[in-house]
Structure formats: C-alpha cells, structure tokens
Amino acid sequence: MSDRKLLVTNALPYVNGHLHLGHLVGYIQADIFVRYQRMNGNHVGYFCGDDTHGTATMIRAREEGREPEAILEEMSDSHQQDFAGFQVVFDHYGSTHSESNREAVTGIWTALREAGRVVERDVTQLFDTESGVFLADRFVKGTCPKCGASDQFGDNCEVCGGMYDPQDLGDPRSTLTGTVPELRTAVHYFVSLEEFHDFLDEWTQSPGRLQPEIANQLKGSFLSEPLRDWDVSRPAPYFGFEIPDAPGHFFYVWVDAPIGYIASTRDWCDQNGEQVEDWWNNPDREIHHFIGKDIVYFHTLFWPAMLKTGGYELPRHVQVNGFLTVNGEKMSKRKGTFLQARTYLEHLSPNYLRYYFASKLSSSVTDIDLNFEEFTAKVNSDLVGKLINLASRTARFMKGQKLCESYPDDGGLFERGAAAGAEIAEAYEACDTNKVTRVVMALADRANEYVEAGAPWSLKKQEGKEEEVRQVCSVALNLFRQLTVYLQPILPELSTKANELLGQESESHFSEAQSPLTGVSVEKFEHLMRRVDPDRITAMVEASISEE
RNA sequence: GGCGGUGUAGCUCAGUCGGUUAGAGCGGCGGCUUCAUAAGCCGUAGGUCGGUGGUUCAAGUCCACUCACCGCUACCA
C-alpha cells in the first residue's frame with residue numbers, strides 16, 4: 001500500500017467568536033480527507049489552532065476589562081469542544097499567541113529582512129483619539145462619498161457598491177467610541193512582493209495546486225499586474241507580536257496567522273519527539289491547506305512568498321471551500337439560521353451534518369446550502385432508509401449465526417462494489433465527496449434490489465431453506481459493510497458500529513472493502529442511527545433566534 | 001468598470017475525449033410488498049441543457065456574442 005506523508009491544516013478560526021456551521025464546512029471536509037488518507041495507511045499530521053491577534057481581540061479585552069490571554073484560553077477550550085463534538089480530530093490544536101509562533105514569525109521576518117524585501121513607508125489612517133488606536137476600514141462608518149448613503153463602512157458602500165478611502169467618508173465616526181476620528185500618519189513596514197511575481201505565476205498555475213477557478217481568478221486579477229507591496233505592520237497599540245527590530249510596531253495579524261500552522265506543528269513535535277523540519281522542510285511531505293474562499297489571497301500570494309523566503313517547503317495543494325447558506329439565505333440571527341456549532345450539537349447528531357456536508361461538497365468552490373428539508377430527506381432516505389436498512393432488514397435473520405463460510409454467488413454485486421473502490425478513492429482524493437456519496441448510494445440501491453429479490457423473510461417460512469436465508473443475509477450484510485467501509489471517513493461512528501456487528505476491529509482499512517467477510521458471527525443488531533426528527537430542527541432554530 | 005465563476009427535470013446535482021432516444025437521487029403519480037427505524041421494490045410523468053449565432057457528419061459539451069445570478073477587485077478577520 002502507499003505510504004505517503006501528509007501535513008494537513010485547516011484555517012485557524014479567529015478567537016473572537018464561537019464556531020458556527022459555516023466554519024464546519026471546511027473542517028469537516030478536511031477531517032474527511034485526513035481520515036481517508038489514514039485508512040489507506042498514509043501518515044498524516046493534522047494541525048489547527050486559534051488565530052488570536054488583531055485589533056478585535058484587543059478591543060474586546062478592553063471592553064471586558066480583562067487580559068487578552070484570558071479570552072484566548074476560554075475561546076480555545078470552546079473551539080476545541082466544538083470540534084470534538086463534530087468528530088473533527090486534530091493532532092494538535094495550537095495558538096498563534098505562543099512562543100513557538102513568535103520564534104517562527106521572527107525567523108521568517110529575519111529572512112525577509114535579509115532578502116531585502118522589507119521597505120518602510122508612511123501610511124495615513126483615521127485615528128480614534130479616545131481609544132488611541134488606528135482604525136481599520138471596518139471600524140469607521142460614515143456617509144458614502146459617491147451616493148450619499150449613510151452608515152457605510154470605511155472601504156465600500158453596501159448601497160451603491162462604490163469603493164473609496166475611509167478619509168473620503170462624510171461625517172466619519174469611529175465604531176469603537178462614536179467619536180470623530182482624525183487623520184494621523186505613522187510608519188508602516190511593507191513586504192515587496194513583485195520580486196515573487198514569476199514564482200507565484202508558476203506556483204499558482206501549477207496543475208493540482210489550486211482548483212481551476214481559483215487559479216484563473218488569481219491569474220486574471222492580482223497576477224495580471226504588478227504586485228503591490230503588502231503592509232505587514234501596525235503601530236502600537238495592537239495585540240500581537242512586536243516586531244523585534246522595530247519597537248512600537250507589531251506584526252499585522254495576517255503575518256503570524258498562517259505561520260501558526262508551523263507553530264502548531266512544532267508544538268506537537270516537541271510533545272512527540274519529532275522534528276519540525278521533518279514536517280516543513282521535507283520535500284517528501286505533502287502540505288495540504290484547507291481554507292475558506294474569503295482568505296484565498298493570504299494563502300496563495302503572501303503565504304507562499306513567506307514560506308519560500310523562510311526556506312520552508314511549499315504547499316502541495318490549497319483546497320478552497322465556499323460559504324454556507326441556510327435555507328437559501330445568508331445566516332441570520334433574527335431568523336434563527338445563524339447556527340452555532342454548539343447549538344446544533346445540543347439538538348442534532350453530528351453524523352447528520354457530516355453526511356449532509358459530504359453529500360453537498362465537491363471539488364468546486366461553490367457555496368453550499370443547508371436546506372432543512374433536504375437535510376432531513378438525505379439523512380432519512382439515504383442513510384437510514386437505504387443504507388442502514390440493508391442491515392436492519394437482514395441482520396435479525398442471522399442472530400446467533402455466522403456468515404457463510406464461503407461467500408455465496410451474489411450475481412457480481414460485491415465485485416462491482418469492490419471495483420467502485422478506485423472511483424471512490426479518486427473522489428476522496430479530490431475532495432469530491434458528493435461523488436463518493438452518489439456512488440455509494442447507487443450501490444446501496446443495487447443491494448436493496450438484491451434483498452428484495454432474495455426475500456429472506458419468505459424463505460424463512462419455508463422448510464429446508466435455512467441455508468438460502470443465510471446466503472442472502474450474508475450477501476446483504478457484506479454489501480452493507482462494504483459501503484460503511486467506504487463511508488468511514490465521513491461517518492466513522494457508523495463504520496465502527498457496522499464492524500462491531502460483524503466482530504471486526506473498530507476502524508477499517510480502505511482495502512477491506514475489497515474482500516467479503518466469511519464465517520464471522522453476527523452480533524445482536526442495534527439501532528445504528530436515529531432518523532432526523534424535524535421537531536429537533538425547529539427547536540434548534542428557536543434556540544438560535546436572537547437580536548441581530 | 002475589470003477579472004473569475006455559475007446557469008441541465010419541481011428541488012439538489014451528475015454528464016469523461018464532441019458521438020445512439022440527455023441521467024441519478026429526492027419530491028409527484030399508479031401499483032406491489034409488509035423482513036426492516038412508516039423502510040423496500042416495480043412502473044410512470046416531467047427537460048427546445050439561460051438565449052442567439054457559428055464550427056462540425058454530429059454540440060449540454062467547442063467558438064463568438066448576449067442575458068441573469070454570484071464572487072473577487074490587496075491595511076475586517
């Protein structure tokens with residue numbers, strides 16, 4: 001079997017908010033990918049952690065009158081609980097506010113300096129004199145200079161769609177204090193990127209690196225003109241790492257956020273007697289990032305440039321997922337469709353969402369919709385009515401018995417299922433779990449036809465047909481188990497229960513779908529999954545309704 | 001404005017290198033079954049593949065134009 005070495009990361013969730021179902025799209029997708037790789041015998045490290053720095057954290061700490069570190073600890077616990085609840089299992093969950101990250105950031109910064117990529121320049125920004133901080137665009141509101149709409153953010157107008165500088169806003173107000181900001185100038189440090197242009201052209205357009213729509217978009221936008229310098233510093237006060245050779249200046253959060261991938265890996269290595277170099281400086285290691293489409297350019301322009309300068313290996317692949325809508329609309333607190341991970345878990349099984357997301361996700365970047373009716377239908381008809389029903393309608397005829405000693409003639413069904421393994425593997429590899437579920441459910445359809453034709457319930461009533469009953473059920477249970485092996489990355493708990501039913505190890509290797517089980521005892525059948533109760537969805541929505 | 005993407009059945013989506021009468025699931029309708037978690041099976045209806053033009057023996061697929069929707073357009077994370 002293969003023995004690839006992979007390093008997989010998910011985007012680091014920002015510390016300032018709880019996880020919601022939109023976050024979970026990418027985490028579940030990556031977790032499925034990791035589990036798939038592992039069940040093929042590949043060696044995977046799966047790392048994540050909290051993104052902690054920035055103005056937002058600083059402001060919140062001030063408002064709550066406590067140290068930022070206290071918030072960090074609380075939110076990290078919360079995030080990790082939520083991930084565990086959805087069976088997203090990282091090897092290590094770190095933080096960008098760690099010594100290991102400070103070291104890694106310093107290393108890359110030094111390399112950028114030595115490579116002559118750092119330049120200084122004055123930047124004039126709006127400044128909130130009451131809170132004493134420079135205001136990023138989103139912290140300023142005012143009247144749109146183009147259409148006159150009031151209460152618009154500092155960079156663009158939601159009414160006319162116009163773009164402008166925050167200095168041009170009419171009647172500007174700080175969203176922090178409501179005071180009128182004034183213009184102030186400060187030195188900022190920039191990383192010049194144009195030197196990386198050829199490298200980034202090649203890297204982003206290299207086949208398999210990015211989904212085609214992402215590669216095309218980069219090619220047609222950022223990379224179609226000279227790359228602008230990237231502003232990587234913020235003047236104090238700022239919650240983050242102070243720039244070692246520029247006192248009073250801090251690294252902008254997007255400098256240290258992705259470097260947090262390295263730090264999280266390093267923390268794990270330190271605890272497990274491994275060398276971080278084997279993970280980030282090893283050409284045999286495939287680095288895979290999973291991110292949302294909102295942070296594409298950080299990961300496809302700045303990040304490769306930083307890694308290259310710092311002497312690290314570059315990502316083999318960046319997988320981008322779209323946003324989540326609920327019932328066709330943006331998540332809304334007022335309508336109760338802003339669904340927090342925790343609220344979901346209080347009402348519904350994580351398995352439902354893992355399967356639903358898997359069935360909606362393909363290798364494209366498109367947004368997916370959580371439609372409650374479709375959600376209910378998919379889980380109830382695909383999983384329960386179709387797949388699990390295979391076992392529940394046959395296992396009871398086998399209680400206390402063993403599967404046939406040699407696998408019976410099933411008209412080539414198991415063999416066809418085994419042959420589908422290659423297609424399923426390819427789909428998992430491409431994160432096309434929509435295809436995985438389609439192929440598996442098509443196989444489940446064939447299996448149900450077989451059971452229908454075999455009609456063990458009628459055979460059971462006839463004298464001398466005991467062996468035929470056993471044959472039909474041996475086939476059905478093997479087909480069932482073959483499919484749960486295929487779905488193990490998506491539904492690990494179901495796979496474990498199916499294995500227990502047939503006395504197998506709790507986790508399967510992917511190749512176990514290639515050969516049927518024979519002569520093993522069939523344990524007592526127990527419910528494998530509850531159907532979705534629509535009342536629970538209603539309760540979840542009601543629990544989520546709040547003031548916007 | 002520029003760039004990128006999407007548009008196929010009521011809904012969600014497949015559709016490979018251009019190649020027979022365009023597919024699946026769900027939902028609808030009719031029937032069968034009643035082992036199973038009100039599950040399953042059979043049959044059936046439903047599409048001028050956003051539009052127009054072109055290339056070709058042949059176009060959902062390739063090209064041009066066009067319409068609609070979505071996204072991106074560098075210091076919000």
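Atom set for the values below is all heavy atoms of this structure, side chains included, hydrogens, waters and symmetry mates excluded.
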Exercise for review: Enumerate the residues from residues 189-200 of chain A whose closest heavy atom to RNA chain B is under 4.0 Å, giving them by residue number; use none for an empty result.
Suggested key: none

Study note, to complete from the structure: From the candidates rA14(B), rC35(B), rA74(B), the one with an atom nearest any side-chain atom of Glu452(A) is rC35(B)

Exercise for review: From the options rC26(B), rA39(B), rU73(B), select the nucleotide whose nearest atom is closest to the side chain of Asn389(A).
Suggested key: rA39(B)

**Study point:** rA39(B) phosphate, OP1 or OP2, under 4.0 Å from Arg531(A) side-chain N/O
**Key:** yes

Exercise for review: Identify whether the distance between the nearest side-chain nitrogen and carboxylate oxygen of Arg470(A) and Glu467(A) falls below 4.0 Å.
Suggested key: yes

Study note, to complete from the structure: From CG of Asp137(A) across to C1' of rA74(B) the rounded distance in Å is 11 Å

Point to revise | Carboxylate-amine/guanidinium contact Glu523(A) Lys497(A), below 4.0 Å | key: no

Exercise for review: Tell me what Gly385(A) touches on the nucleic acid: a base, only sugar-phosphate, or nothing, going by heavy atoms under 4.0 Å.
Suggested key: sugar-phosphate

Check your understanding: Where do His53(A) and Val253(A) come nearest, in terms of heavy atoms and distance?
Key -> O-CG2, 3.3 Å

Practice item. Remember a base hit wins even if backbone is also touched, and classify Pro13(A) as base, sugar-phosphate or nothing at under 4.0 Å, heavy atoms. Key: nothing

Practice item. Would you check if His527(A) stacks with the base of rU37(B), given a 5.5 Å centroid limit and a 30° plane limit, both strict? Key: yes

Review point. So, Phe251(A) versus Trp109(A), ring centres under 6.0 angstrom or not?
Key: yes

Review point. Does rC35(B) pair with anything, Watson-Crick or G-U wobble, both distances under 3.5 Å, and if so, with which nucleotide?
Key: none

Check your understanding: rA14(B), rC75(B), rG5(B): which one has an atom nearest the side-chain heavy atoms of Glu213(A)?
Key -> rG5(B)

**Study point:** Parallel, tilted or perpendicular: rings of Tyr356(A) and Phe375(A) (30°, 60°)
**Key:** perpendicular

Review point. Which nucleotide in the set rG40(B), rA77(B), rA74(B) lies at the smallest distance from any side-chain heavy atom of Phe222(A)?
Key: rA74(B)

Practice item. Whole angstrom is fine here: how far is it from CG in Leu218(A) over to C1' in rG71(B)? Key: 13 Å

Review point. Base, sugar-phosphate, or nothing: which does Lys460(A) touch, judged by heavy atoms less than 4.0 Å apart?
Key: nothing

Exercise for review: Using heavy atoms to find the nearest nucleotide of RNA chain B for Glu449(A) and Asp367(A) separately, return the residue whose nucleotide is more 5′.
Suggested key: Glu449(A)

Exercise for review: Give the nucleotide from the list rC75(B), rU33(B), rG40(B) with an atom nearest to the side chain of Gln125(A).
Suggested key: rC75(B)

**Study point:** Whole-angstrom distance between rC35(B) and rC17(B), as gauged at atom P
**Key:** 48 Å

Check your understanding: Rounded to whole angstrom units, what separation is found between the CG atom of Leu223(A) and the C1' atom of rC72(B)?
Key -> 13 Å

Check your understanding: Base, sugar-phosphate, or nothing for Asp445(A), non-hydrogen atoms under 4.0 angstrom?
Key -> sugar-phosphate

Point to revise | Among rA39(B), rA77(B), rC13(B), the nucleotide that comes nearest once only the side chain of Phe298(A) is considered | key: rA77(B)

Point to revise | Cationic N near anionic O, under 4.0 Å, Lys435(A) to Glu423(A) | key: yes

Exercise for review: Kindly point out which of rC13(B), rU37(B), rC72(B) is positioned nearest to the side chain of Val384(A)?
Suggested key: rU37(B)

Review point. Rounding to the closest angstrom, what is the interatomic distance between rG25(B) and rA14(B) at atom P?
Key: 16 Å

**Study point:** Residue Lys461(A), side-chain atoms from C-beta onward, closest of rC72(B), rC75(B), rC35(B)
**Key:** rC35(B)

Practice item. Counting Watson-Crick and G-U wobble pairs only, both distances under 3.5 Å, name the nucleotide matched with rC69(B), or none. Key: rG5(B)

Review point. How are the rings of Phe250(A) and Tyr238(A) set to each other: parallel, tilted or perpendicular (split at 30° and 60°)?
Key: tilted

Check your understanding: Ile214(A) near the nucleic acid: base, sugar-phosphate alone, or nothing, with a heavy-atom cut-off under 4.0 Å?
Key -> nothing

**Study point:** For Leu324(A) against Met331(A), the heavy-atom pair lying closest together
**Key:** O-CG, 4.2 Å

Check your understanding: Which part of the nucleic acid, if any, lies within contact of Ala136(A), taking any heavy atom under 4.0 Å across all strands shown: a base, the sugar-phosphate backbone alone, or nothing?
Key -> sugar-phosphate

Practice item. Assess whether one donor atom and one acceptor atom, taken from the side chain of Arg228(A) and the base of rA74(B), lie less than 3.5 Å apart. Key: yes

Exercise for review: Flag the pair Asp231(A) and Arg121(A) as a salt bridge only when some basic side-chain nitrogen lies within less than 4.0 angstrom of an acidic carboxylate oxygen.
Suggested key: no

Point to revise | Euclidean distance for C1', rA22(B) against rG60(B) (whole angstrom) | key: 8 Å

**Study point:** Sugar-phosphate only, base, or nothing, as touched by Val253(A) at under 4.0 Å among non-hydrogen atoms
**Key:** sugar-phosphate

Check your understanding: Hey, is the side chain of Asn216(A) poking within less than 4.0 Å of OP1 or OP2 on rG5(B), counting only N and O atoms?
Key -> yes

Practice item. Please work out if Trp254(A) contacts a base, only the sugar-phosphate, or nothing of the nucleic acid, heavy-atom cut-off 4.0 Å. Key: base

Review point. Is the phosphate of rC70(B), meaning OP1 or OP2, less than 4.0 Å from a side-chain N or O of Lys293(A)?
Key: no

Review point. When all nucleic acid strands are considered with a 4.0 Å heavy-atom cut-off, which category describes Phe397(A): base, sugar-phosphate, or nothing?
Key: sugar-phosphate

Practice item. Could you check whether Tyr14(A) gets within reach of a base, just the sugar-phosphate, or nothing at all, counting any heavy atom under 4.0 Å? Key: sugar-phosphate

Practice item. Quote, to the nearest angstrom, the P distance that separates rC63(B) from rU16(B). Key: 14 Å

Check your understanding: Which atom pair, heavy atoms only, marks the closest approach of Pro13(A) to Tyr27(A)?
Key -> CD-OH, 3.2 Å

Check your understanding: On a whole-Å scale, what distance lies between the P atoms belonging to rG10(B) and rG47(B)?
Key -> 7 Å

Study note, to complete from the structure: If pairing means Watson-Crick or G-U wobble with both distances under 3.5 Å, then the partner of rC62(B) is rG54(B)

Check your understanding: When we call it a touch if two heavy atoms are under 4.0 Å apart, what does Leu301(A) touch: a base, just sugar-phosphate, or nothing?
Key -> nothing

Check your understanding: Across the strands shown, which category fits Asp369(A) at heavy-atom distances under 4.0 angstrom: base, sugar-phosphate, nothing?
Key -> nothing

**Study point:** Identified pairing partner of rU20(B), criterion: Watson-Crick or G-U wobble below 3.5 Å
**Key:** none

Exercise for review: Please examine the side chains of Leu494(A) and Asn351(A), heavy atoms only from C-beta on, and report whether any two atoms are closer than 4.5 Å.
Suggested key: no

Exercise for review: Write down the distance separating the P atoms in rU20(B) and rU61(B), rounded off to the nearest Å.
Suggested key: 14 Å

Exercise for review: Provide the distance between the two C1' atoms, one in rG15(B) and one in rA59(B), to the nearest whole Å.
Suggested key: 14 Å

Review point. Whole Å only: how far is the NZ atom of Lys360(A) from the P atom of rC11(B)?
Key: 13 Å

Revision key, fill the gap. To the nearest angstrom, the CZ-P distance between Phe375(A) and rG25(B) comes to 22 Å

Check your understanding: Counting distance only, does the side-chain N/O of His347(A) pair as donor-acceptor with the main-chain N or O of Ile537(A) below 3.5 Å?
Key -> no

Exercise for review: Could you check which nucleotide pairs with rG27(B) in any of the strands shown, counting Watson-Crick or G-U wobble with both distances under 3.5 Å?
Suggested key: none

Check your understanding: Given atom CG of Leu390(A) and atom C1' of rC35(B), what is their separation to the nearest angstrom?
Key -> 12 Å

Check your understanding: rC62(B) and rG19(B): how far apart are their C1' atoms, nearest whole angstrom?
Key -> 14 Å

Study note, to complete from the structure: Tyr450(A) atom OH is separated from rU33(B) atom P, nearest whole Å, by 22 Å

Study note, to complete from the structure: Separation of rA74(B) atom C1' from His299(A) atom NE2, nearest Å, is 16 Å

Point to revise | N/O (side chain, Arg396(A)) to phosphate O (OP1/OP2, rA36(B)) under 4.0 Å | key: yes

